[in-house]
Enquirer: 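First the structure, which I've put down as structure tokens, then a few questions once you've had a look.
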Amino acid sequence: MALSIHFATNTKKIQKKFNRFLKRFPHITKKGLDQAGEQLRRIIEENTTKGKNFKGGKFVAYSPEYSALKGKTTVDLQDSNRMLQSMKSRTVNNYKAQVYFNDMGMGKRAYWHQTGSGKLPERPFFGFNKKVENVIKQSFEKLVSQEIRKLKLWVLEKTSQVILQQQLQT
């Protein structure tokens, strides 16, 4: 009786996929950060439109005179809507996305609302809480996972096959 062992490997194929992953990974994280920044911008805008601050509570109400003048009771920080329209997002580096105001005047106006100045009460809208952080984090992880699956890297493959053949000698 003889025993024959034959090794067949697909290391070249795995090496090629691994190299492709390393080359594509910075693009995947950039895409995830772009999405995270845009998602945070949309959440801030939606909450502000609903009259909620970033902590989940309602904004300080308008004064009765201002409310009667404008004809609205919900505080949504939208007189002309230019402030929220100037809010943008971008990827700063491989680790950080940023939400900012691209118009200096609107940025100052947002700062006044955020911190309160003069007669203007503090209405913190520009920020996020732990709940929003977790939503964005899950979304980022889902996107990265989908992109990695598209590369077909984590599909179970046999890295090497060992074929044992048993031959009978007569």
Side-chain angles (χ1 to χ4, degrees), residues 16-155:
K16 183 179 175 184
K17 286 187 175 191
F18 188 70
N19 288 340
R20 196 168 95 200
F21 170 73
L22 289 178
K23 189 166 44 167
R24 291 273 321 258
F25 194 73
H27 299 296
I28 293 170
T29 55
K30 183 177 180 342
K31 186 175 180 181
L33 285 171
D34 286 341
Q35 177 184 316
E38 185 58 28
Q39 187 177 15
L40 178 59
R41 187 200 63 77
R42 277 195 321 268
I43 289 170
I44 291 171
E45 189 174 335
E46 287 170 9
N47 285 343
T48 304
T49 302
K50 291 176 186 175
K52 296 180 183 176
N53 63 24
F54 74 90
K55 295 175 185 172
K58 292 188 176 203
F59 290 128
V60 176
Y62 290 134
S63 68
E65 298 83 25
Y66 186 82
S67 184
L69 177 70
K70 291 295 181 176
K72 61 182 188 177
T73 56
T74 304
V75 179
D76 57 6
L77 306 183
Q78 295 182 19
D79 191 22
S80 66
N81 203 25
R82 287 182 23 224
M83 181 181 76
L84 292 179
Q85 287 176 350
S86 72
M87 191 168 39
K88 306 292 179 202
S89 69
R90 66 179 171 208
T91 303
V92 177
N93 57 31
N94 292 339
Y95 308 103
K96 184 166 67 171
Q98 183 180 59
V99 179
Y100 66 100
F101 292 89
N102 66 352
D103 182 348
M104 182 78 80
M106 295 300 121
K108 285 181 181 178
R109 186 179 295 176
Y111 178 76
W112 294 332
H113 282 294
Q114 185 77 12
T115 60
S117 75
K119 293 181 181 178
L120 191 65
E122 184 177 322
R123 294 185 176 116
F125 72 99
F126 196 74
F128 59 93
N129 57 19
K130 202 67 165 164
K131 181 181 174 185
V132 171
E133 181 182 348
N134 287 333
V135 166
I136 292 172
K137 185 172 129 183
Q138 288 173 354
S139 179
F140 179 82
E141 289 172 355
K142 183 179 176 184
L143 176 90
V144 170
S145 174
Q146 287 173 347
E147 291 296 318
I148 288 173
R149 263 188 257 123
K150 284 181 188 176
L151 293 174
K152 297 179 183 173
L153 287 172
W154 304 118
V155 177

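Keep in mind that what you see is a predicted model, and the values were worked out from it rather than measured. Scope of the values below: all heavy atoms of this structure, side chains included, with no hydrogens, waters or symmetry mates.
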Enquirer: With no hydrogens and no angle check, is any side-chain donor or acceptor of T48 less than 3.5 Å from a backbone partner on D76?
Expert: no

Enquirer: Looking only at heavy atoms, which two atoms of S89 and E38 are closest? And how far apart?
Expert: OG-OE1, 3.2 Å

Enquirer: Kindly compute the distance separating NZ (K31) from CD (Q35), expressed to the nearest 0.5 Å.
Expert: 8.5 Å

Enquirer: So, are E45 and R42 salt-bridged, with charged N and O less than 4.0 Å apart?
Expert: no

Enquirer: Should the heavy atoms of other residues, nucleotides or ligands under 6.0 Å from OH of Y66 be counted, would the total exceed 12?
Expert: yes

Enquirer: For a quick test of reading the model, state the closest non-hydrogen atom pair linking V92 to Q98 and the distance between them.
Expert: CG2-CB, 3.5 Å

Enquirer: In Å, rounded to the nearest 0.5 Å, how long is the span from CZ of F54 to CG of N129?
Expert: 8.0 Å

Enquirer: Between E122 and V60, which heavy-atom pair has the shortest distance, and what is it?
Expert: O-CG2, 3.8 Å

Enquirer: Any donor-acceptor pair under 3.5 Å linking the side chain of S145 with the backbone of E141?
Expert: no

Enquirer: So, for V99 and M87, which heavy atoms are closest and what is the spacing to 0.1 Å?
Expert: CG1-CG, 3.7 Å

Enquirer: Give me each pair satisfying ring pair (Phe, Tyr, Trp, His ring centres under 6.0 Å) with a member in residues 118-140, each pair once, sequence neighbours excluded.
Expert: F101-F126

Enquirer: List the atom of K96, the atom of L33, and the distance in Å for their closest heavy-atom pair.
Expert: N-CD1, 3.8 Å

Enquirer: Could you state the interatomic distance from CG (L84) to CZ (R109), rounded to the nearest 0.5 Å?
Expert: 10.5 Å

Enquirer: Could you check whether atom NZ of K55 has more than 12 heavy atoms from other residues, nucleotides or ligands sitting under 6.0 Å from it?
Expert: no

Enquirer: Quick one: salt bridge (charged side-chain N to carboxylate O under 4.0 Å, His left out) partners of D103, sequence neighbours excluded?
Expert: none

Enquirer: Would you name the heavy atoms of R123 and V75 that are closest together and state the gap between them?
Expert: NE-CG1, 3.5 Å

Enquirer: If I take atom CD1 from residue I44 and atom CD from residue Q39, how far apart are they, to the nearest 0.5 angstrom?
Expert: 11.5 Å

Enquirer: So, taking the atom named CE in M106 and the one named CD in Q85, what distance separates them when rounded to the nearest 0.5 Å?
Expert: 10.0 Å

Enquirer: Working to the nearest 0.5 Å, report the span between CD1 of I28 and CD of Q146.
Expert: 11.0 Å

Enquirer: Checking K52 side chain against T49 main chain: does a donor-acceptor pair fall under 3.5 Å?
Expert: no

